[in-house]
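Everything numeric here is computed off the predicted structure, so don't read it as measured data. Order of listing sets the numbers, starting from 1, for every ligand and every atom in it.
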Amino acid sequence: VINLRTKGMTMTRLPLTVWAFFVTAIIGIVSFPVLFSAALLLIFDRSFGTSFFLSDIFIQGEVLHYQGGSPVLFEHLFWFLGHPEVYIVLLPALGITSEIIATNSRKPIFGYRAMIASILAIAFLSTIVWGHHMFVSGMNPFLGSVFTFTTLLIAIPSAVKAFNYITTLWKGNLQLNPAMLFSIGLVSTFITGGLTGIILGDSTLDINVHDTYFVVAHFHLVMGISALYGFFAGVYHWFPKMFGKMMNKTLGYVHFWVTAVCAYGVFFPMHFIGMAGLPRRYYTNSAFPLFDELADVNVLITIFAIVGAVFQVVFFWNFFYSIFYGKKASQNPWKSNTLEWTTPVEHIHGNWPGEIPEVHRWAYDYSKPGHDEDFVSQITPMKDGEEELHH
Ligand SMILES: [Cu+2]
């Protein structure tokens, strides 16, 4: 095996968090201008007498006999942003999770390159699936089958990521701190929410549950709760770096377990009332005796939602209290390999005193044979004969 001994932070040494943030930025650049264009056309329609999104053309209140534009065009432009937006919210959380699961399993991330390939594949596919939000919009049903095909392809990179998270956890020396629990929670809700995505992404199945609570359950689990878990995991993990203090672990455990039980308490039953036909976006269902028997389930959901929301106070209290009164953090409390943990606890201009350190290895040399400790910082030079294992 040839050891190239490359120096510096190469693309294949980047932590997966950075990869995820990088690709998220690209998706944003590609998709937001399309929403912006749609908004401009809408302003033209509303204020300047055009008819991009109107089926008829009006001149001074008179309908012309020419054909106008299409209201479905607005849906196309909106969802060309709308679907990639899901990954703008979720990908950073998935990147954070990779970092935290590897660090707290004391193991290299499994399938580093497959993780990067999956992030790139998800980013690409996210731009060609928007029609799965429009199966009942009056769009040509043939197009529906095309969007079904592209949508179901996303299951592949998503499954690769879920598999790699679990394989990283497998037989790891698990450090179940609050950041790790929220990361594992994300893997759980990412899988639960992802599985129903297979049903909703298939036009023939989606038509049955479209605009019901089944959809609400799906997308809240996969882009609401999963993204929120990634956010919480990130805060618990990097809080010592941000403020030089530790958050209270016990409060973190309380926060996680109540949130985890309540999140499933809210969204799991929604699948069933959705399959029973309960529509979303109605402010009340009292006019429909058909749905009376679902009221008890809605009460249960409401209780879980209120308890879950109230307990977020535990997080905010822990956050602000710890900024001022938290235990002082050491430089690298989680024994992590990445660069940010090589900076001093006190924030200084330029991050590092003196020279900027040089990167010699990838971010995931955990429990690597031949080293005294179970982590090797990215700035530790390679030993004689040592190989970078992830290639
Ligand atoms: Cu979508």
* With sequence neighbours excluded, tell me which residues meet side-chain contact (heavy atoms from CB on, under 4.5 Å) with Ala179. => Ile100, Asn177, Tyr236, His237

* To do: Please name all residues satisfying side-chain contact (heavy atoms from CB on, under 4.5 Å) with Ile207, sequence neighbours left out, ordered by chain then number.
  => Val136

* Asked: Does atom NZ of Lys335 have more than 12 heavy-atom neighbours from other groups under 6.0 Å away?
  -> no

* Asked: In this structure, are over 12 heavy atoms from other groups packed under 6.0 Å from Phe311 atom CZ?
  -> no

* In a check of ring pair (Phe, Tyr, Trp, His ring centres under 6.0 Å) between Phe182 and each of Phe231, Phe256, Phe315, Trp257, which one passes? -> Phe256

* Structure fact -> Report for the Cu ion (ligand 1), protein N, O or S closer than 2.8 Å, by chain and number, lists His83 ND1, His132 NE2, His133 NE2

* Structure fact -> Going by chain and number, the hydrophobic cluster around Phe163 (ILVMFWY, side chain to side chain under 4.5 Å) further includes Phe110

